[in-house]
Number of protein chains: 2
Amino acid sequence: MANQTPELPVRPGRRRSTSQHELERVAFELFARQGFDATTVDEIARGAGIGRRTFFRYFDSKNDVVWGSFGEHLERMREHFRRCPPGQPLLDALRTVVVEFNRVDPEDVPWHRRRMELILRVPALQAHSTLRYADWRAVVAEFAAGRLGVPPDALKPQALAYAALGVALAAYEHWLADPGSDLCAVLDAAMTDLARGFGS
Amino acid sequence: MANQTPELPVRPGRRRSTSQHELERVAFELFARQGFDATTVDEIARGAGIGRRTFFRYFDSKNDVVWGSFGEHLERMREHFRRCPPGQPLLDALRTVVVEFNRVDPEDVPWHRRRMELILRVPALQAHSTLRYADWRAVVAEFAAGRLGVPPDALKPQALAYAALGVALAAYEHWLADPGSDLCAVLDAAMTDLARGFGS
DNA sequence: ACGGTAATGACACCGGGTGCCAGAGGGAAG
DNA sequence: CTTCCCTCTGGCACCCGGTGTCATTACCGT
């Protein structure tokens with residue numbers, strides 16, 4: 001896990017010469033100008049004034065740059081689930097949390113759009129992102145399993161987690177394709193479809 | 001598209017020295033013995049008595065070996081959809097087709113298991129497979145769009161296609177984890193959950 | 001035997017990713 | 001200030017997947 005930087009008060013030893021965030025900034029700049037595939041790790045490193053080897057100490061791979069600090073966000077989602085009223089129907093809770101989890105500050109929307117454009121449209125990232133989604137699904141499956149009173153690896157919570165992820169991705173794609181749309185509204189609509197078994 | 005070999009009657013020029021199928025055989029042998037990641041393309045090529053460069057004329061990538069001839073299977077799925085009675089509810093049709101599409105000859109089950117174990121458990125393949133799933137989803141979305149009277153890129157058919165894929169993957173994982181289970185039965189159960197909005 | 005056509009494989013090259021290691025930079029204790 | 005210890009750095013060599021190029025090989029029909 002190269003993506004950890006506890007960075008507590010003062011520690012012995014040399015201090016880090018840059019940060020994930022800074023590398024992300026430099027990388028996104030290059031991705032915007034030349035595209036993801038055409039940008040090499042060497043270029044990102046040079047742009048940030050570090051060695052190529054050092055880049056791989058900040059990120060496990062070039063792909064991981066676009067994901068920033070996703071792990072912490074997931075913790076936030078778990079929190080959302082915990083706050084759901086116990087009596088709330090499973091799919092209502094799920095819909096609400098997915099929508100809230102994906103609500104972003106209006107000022108951050110353009111940045112979020114660029115990030116998601118990369119993740120959902122660059123084949124290399126589409127592929128790699130699957131691995132990140134697994135963690136997302138695990139959080140959902142855990143919650144669903146708790147509500148259903150079954151183990152998290154049972155079929156139903158797993159299927160639901162997979163389905164919810166898929167629905168969310170479809171919503172994201174729809175949002176990206178339509179610049180005027182509101183992400184939360186689209187997510188809500190799609191998750192409602194899911195809860196209704198895509199009927200009526 | 002390296003994966004094409006029309007191989008009509010007689011053609012001029014040198015004949016292919018091996019086949020996708022043969023390479024697949026050799027590769028699976030090595031994957032079983034040393035694992036996917038630990039097997040290099042050089043080894044596969046050497047094992048099949050061809051040059052490394054030639055390997056990449058049979059498959060676009062090492063990842064693609066495990067997928068065999070997936071394209072043709074998709075055509076079969078389209079066919080299944082076409083045969084659905086027009087009055088059948090959308091999700092019933094979908095469930096039926098997904099189940100039938102994944103029915104395999106009992107004698108081919110062990111082979112299918114090994115293939116799916118690779119696809120669903122090796123991270124590199126999990127990631128890459130996402131790209132293959134896109135074609136699967138397109139077939140589903142096309143059918144759903146037709147039934148719903150909306151364009152294939154509308155939110156609902158896309159969300160449904162994504163959800164169906166997810167549910168199918170969950171079923172596959174469940175099947176892999178439980179050697180005694182019947183794939184079709186698991187798929188049927190999972191798709192039924194989907195149709196019911198995961199309620200009751 | 002010959003000419004056209006396709007597949008082959010070697011070679012060189014690119015880029016992502018890793019193990020290794022010497023050295024730079026910094027804190028704290030003497 | 002010097003010393004010890006610790007961490008981060010970055011160069012280097014290496015592995016592997018993937019690609020462009022090109023001479024060569026094998027097969028067809030004439």
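Proteins come first, then strands; the chains are lettered A, B, ... in the order of their sequence lines, and each starts at number 1.
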Without placing hydrogens or testing angles, list every side-chain donor-acceptor pair under 3.5 Å for residues 88-95 of chain B, not counting sequence neighbours.
| unit_1 | atom_1 | unit_2 | atom_2 | d |
| --- | --- | --- | --- | --- |
| B:Arg95 | NH1 | B:Asp188 | OD2 | 3.3 |

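Applying the side-chain hydrogen bond (donor to acceptor under 3.5 Å, both in side chains) test to pairs two or more places apart or on separate chains, those with a residue in residues 119-130 of chain A are A:Asp64-A:His128, A:Trp67-A:Ser129, A:Thr130-B:Thr130. Within the structure, every pair that satisfies the ring pair (Phe, Tyr, Trp, His ring centres under 6.0 Å) test and touches residues 71-90 of chain B, not counting sequence neighbours, is listed here: B:Phe81-B:Phe143. Contacts classified as side-chain hydrogen bond (donor to acceptor under 3.5 Å, both in side chains) and involving residues 141-151 of chain B (residues at least two apart or in different chains) are given here: B:Arg78-B:Glu142.
Hydrophobic side-chain contacts under 4.5 Å tie A:Leu131 to no other Ile, Leu, Val, Met, Phe, Trp or Tyr residue.
We find that CZ of B:Arg57 is positioned 11 Å from P of D:dG20, with the value rounded to whole Å. Look at CZ on A:Arg53: it is 12 Å from C1' on D:dC8, rounded to the nearest Å. Rounded to a whole Å, the CZ atom of A:Phe55 is 13 Å from the P atom of D:dG10. Regarding B:Tyr58, its OH atom lies at a distance of 20 Å from the C1' atom of D:dG17, rounded to whole Å.
Scanning DNA chain C 5' to 3' for nucleotides with an atom closer than 4.0 angstrom to a non-hydrogen atom of chain A gives a first and last hit of C:dG15 to C:dG27.
Considering only residues two or more places apart in sequence or on other chains, B:His112 meets the ring-ring contact (aromatic ring centres under 6.0 Å, His included) condition with B:Tyr172, B:Trp175. Here B:Asp37 pairs with nothing under the salt bridge (Lys or Arg N to Asp or Glu O under 4.0 Å) rule; sequence neighbours left out. In terms of the salt bridge (Lys or Arg N to Asp or Glu O under 4.0 Å) criterion, A:Glu43 has no residue partners (sequence neighbours excluded). For B:Arg33, the salt bridge (Lys or Arg N to Asp or Glu O under 4.0 Å) partners two or more places apart in sequence, or in a different chain, are B:Glu29.
A salt bridge does not link B:Glu79 with B:Arg76: none of the charged nitrogens is closer than 4.0 Å to a carboxylate oxygen.
Between the side chain of B:Arg52 and the base of D:dG17 there is at least one donor-acceptor pair of N/O atoms closer than 3.5 Å.
Ring-centre distance between A:Trp136 and A:Phe70: not below the 6.0 Å cut-off.
Side-chain nitrogen and oxygen atoms of A:Ser17 include at least one within less than 4.0 Å of the OP1 or OP2 phosphate oxygen of D:dT9.
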Protein within reach of the bases, or only the backbone? For nucleotides 25-30 of chain D, mark each nucleotide 5' to 3' as B, S or -, using heavy atoms under 4.0 Å.
BBBS--
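Contact check of residues 30-46 of chain A against DNA chain C (heavy atom, cut-off under 4.0 Å) returns A:Thr39, A:Thr40, A:Val41.
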